[in-house]
Amino acid sequence: MQKKLFINGKFVDACNDEQLQVIDPSNGSVLATVAAAGAEDVELAVQAAQAAFANPNWRRTSGAQRAGLLRDIARGIKQNLQEFAQLETLNNGKPLPEAQWDIEDSIGCFEYYATLAEGLEADPQAIALADNNFVSHVVKDPIGVVALIIPWNFPLLMAAWKIAPALAAGCTVILKCSEVTPLTALKLAQIISDTELPDGVVNILCGDGASCGAPLVKHLGINKIVFTGSVETGRQIMRSASDLATPVTLELGGKSALLIFEDVDLDAAVEWTMFGAFWNKGEVCSATSRVLVAQSIYPEFITRLCAAAQRIKIGNGLHSEVKMGPLVSAAQYQKVLNFIALGITEGALLISGGKRPEHLSAGYYLQPTIFTDVPTDAAIWREEIFGPVVCVNTFSTEQEAIDLANNSEFGLAAAVLSQDLSRCDRVAAALDAGIVWINCSQPTFIECPWGGRKASGIGRELGPWGLDNYLSIKQVTRYTSRQPWNWYLDLPTDESPDVDQ
Ligand code: NAD
């Protein structure tokens, strides 16, 4: 297990010898102790990334060469897939099959951006000008040194979503992984160090927000910040970035709604409700944690939902058949328990779960939790809980369902279930969110744009939009006329210019 920072192609201890403990959420024990970066390490990493960006060995690589390097990384992850998945489960708690999805998607992400890197070789895009004296075209340059900051819920996948397009574009990067889940990012560093990628192109730091994240986003050498995490941290980063006018892309939180109409297949509706709210223990930014059900089917729906939720096997994610592992950390566990207690005092009805499962005395385990009759001004209805807690309310008309869904500070995702596809399209058009799922919840594709509206963020990742985050557009314009440009040159030569002394 790699435990050191990865700076300028080498694994190093932190300058001040600081370390942080990585916890196994299934029992609270220490899984590993890793180097914890501070401001001095940030400085070294930025210097390395700047030097690498200026180095012709990287700067002059073609898209096709970078594609080859991205495929080498994908291959390296693939050869270690099981080890990556086990580390993710050990560190994050998610069930092993879900960790395997993450690792497979990470491989797919490096492969996808390899193909897009090759596409960057295409001819520069000509611009049609009304003025025939000039020709113009657009080229896309790498934006420079990028700071990539990620959370703990999909540790390797979030790293891949950022590193792959950044390298495809030709940037150099400093990845700051979450202090809670650094292990797969450090293993990725090992894979990268085994490729031909020049030193300093990728630097990987572990460390907390205050000691490592804050100096990184305030550094003058950073040309762009791409951040995934909470709204609060996103706002803080945007404030400090504004001092230097550093551009940001922000993928923040959510409180997404799932709308279930009366014509659905009830078993399918229960399945999508559970998947939307409970997969990855509900620690998902796009979790559809506010469910709105048509009044007429509510009694039967809620009975089936509670019965199904109570059948979910909870336990150590490494054990087969486990469908829900422990929450990621003691802090997150306490935060979710506090929300559950608050929900009860706010007048919502706790109808299932809400407690530690009886058979698990240690670790951060929680039953899948269902609230109904939730006041729409309650914190559990409005705020992101980021745990396996779903709030279920009813609606009587389509417009009421849309209004309730859109009445949120967030706008990351929304989902609609109905057999009436014209209604699905109508509702999808009315939902104020960056992502809308029809007759499903949560599927995420590397080819599709990912990101939210309102407090859920700024910009998009994935697809070609994800690559654009790391490219800077340059206009190149050439004067083609045979006639001289003579605004000044045709001044009369027999008169001395009238200059103030
Ligand atoms: P967080 O905001 O606490 O931390 C995210 C990262 O930011 C961590 O690496 C942390 O160390 C770092 N950080 C903290 N303070 C910082 C500072 N002042 N300057 C720079 N970096 C700082 O979030 P979290 O608890 O790790 O993750 C959960 C949050 O992430 C949830 O709100 C979730 O919705 C969000 N999330 C969003 C998406 C999305 O795509 N929209 C995806 C996954 C997670």
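We count ligands from 1, going down the list as the structure has it; atoms in each ligand are counted the same way. All values below were derived from every heavy atom in this structure, side-chain atoms included, with hydrogens, water molecules and symmetry-related copies excluded. These numbers come from a predicted model, not from an experiment.
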Do Arg290 and Trp381 form a cation-pi contact, if we require the NZ or CZ to be under 6.0 Å from the six-membered ring centre and within 45 degrees of the ring's axis? yes

Any heavy atom of Glu384 under 4.0 Å from ligand 1? The part involved is side chain

Backbone or side chain, does any N or O of Trp152 fall under 3.5 Å from an N or O of ligand 1? yes

Classify the side-chain pair Asn153/Lys281 by whether it contains a donor and acceptor separated by less than 3.5 Å. no

Ligand 1 atoms nearer than 4.0 angstrom to some heavy atom of Ile237 are 19 (N), 20 (C), 21 (N)

Describe, in one word, how the ring planes of Trp272 and Phe275 are oriented to each other, choosing from parallel (under 30°), tilted (30 to 60°) and perpendicular (over 60°). perpendicular

With a 3.5 Å cut-off and no angle check, do the side chains of Asn469 and Thr249 form a donor-acceptor pair? yes

Mark up the atoms of ligand 1 that fall under 4.0 Å of a heavy atom belonging to Ile150, in ascending order. 6 (C), 8 (C), 9 (O)

Are Lys162 and Thr228 close enough that a side-chain donor and a side-chain acceptor fall under 3.5 Å? yes

Between Glu83 and Lys187, does any NZ, NE, NH1 or NH2 come within less than 4.0 Å of an OD or OE carboxylate oxygen? yes

Check: Thr228 N/O within less than 3.5 Å of ligand 1 N/O: no

Pick one of side chain, backbone, both or neither for how Gln236 approaches ligand 1, counting any non-hydrogen atom pair under 4.0 Å. side chain

Protein contact of atom 20 (C) of ligand 1 - nearest heavy atom, named by residue and atom, plus distance: Gly213 C, 3.3 Å

4.0 Å heavy-atom contact, Ser178 with ligand 1: yes

Among Phe227, Phe386, Trp161, the residue with a heavy atom nearest to atom 28 (C) of ligand 1 is Phe386

Output, in order, the C-alpha distance, side-chain angles, deciding distance and verdict of side chain to side chain contact (heavy atoms under 4.5 Å, CB included) for Ile149 and Leu175. CA-CA 6 Å; Ile149 301 181; Leu175 175 84; over 6 Å; no

Under 4.0 Å between heavy atoms, the region of Leu252 that gets near ligand 1 turns out to be backbone

Could you find the nearest protein heavy atom to atom 17 (C) of ligand 1 and give me its residue, atom name and distance? Gly209 O, 3.8 Å

Heavy atom of the protein closest to atom 27 (O) of ligand 1 (residue, atom name, distance): Pro151 CB, 3.2 Å

Which is closest to atom 2 (O) of ligand 1 in terms of heavy atoms, Gly452, Gly229, Ser230? Ser230

Polar contact flag, side-chain donor to acceptor under 3.5 angstrom, Glu88-Thr184: yes

Considering all heavy atoms of both residues, which atom of Pro326 and which atom of Gly93 are nearest to each other, and what is their separation? CD-O, 3.4 Å

Mutual orientation of the aromatic rings belonging to Trp437 and Trp450 [parallel < 30°, tilted 30-60°, perpendicular > 60°]: tilted

Report, in ascending order of atom number, the atoms of ligand 1 lying under 4.0 Å from any heavy atom of Ala214. 19 (N), 20 (C)

Considering only heavy atoms, does Val180 approach ligand 1 within less than 4.0 Å through its side chain, its backbone, both, or neither? neither

So which heavy atom in the protein is nearest atom 36 (N) of ligand 1, and how far is it from that ligand atom? Cys285 CB, 3.6 Å

For ligand 1, indicate whether the residue Phe154 contacts it via side chain, backbone, both or neither (heavy-atom separation under 4.0 Å). neither

Just to confirm my output: which protein heavy-atom neighbour is closest to atom 40 (O) of ligand 1, and how far is it? Trp450 NE1, 2.9 Å

Excluding sequence neighbours, so at least two apart, what forms salt bridge (Lys or Arg N to Asp or Glu O under 4.0 Å) with Asp102? Lys94

Filtering Thr233, Leu205, Asp208 for the heavy atom nearest atom 22 (C) of ligand 1 leaves Thr233

Using a 4.0 Å heavy-atom cut-off, which part of Glu179 comes near ligand 1: side chain, backbone, both, or neither? side chain

Gln442 and Ser286 side chains, donor-acceptor separation under 3.5 Å: yes

Hey, what's the ring geometry for Trp279 with Trp101, parallel, tilted or perpendicular (30° and 60° as the breaks)? tilted

Going by the atom numbers of ligand 1, which of them fall below 4.0 Å from some non-hydrogen atom of Asn153? 43 (C), 44 (C)

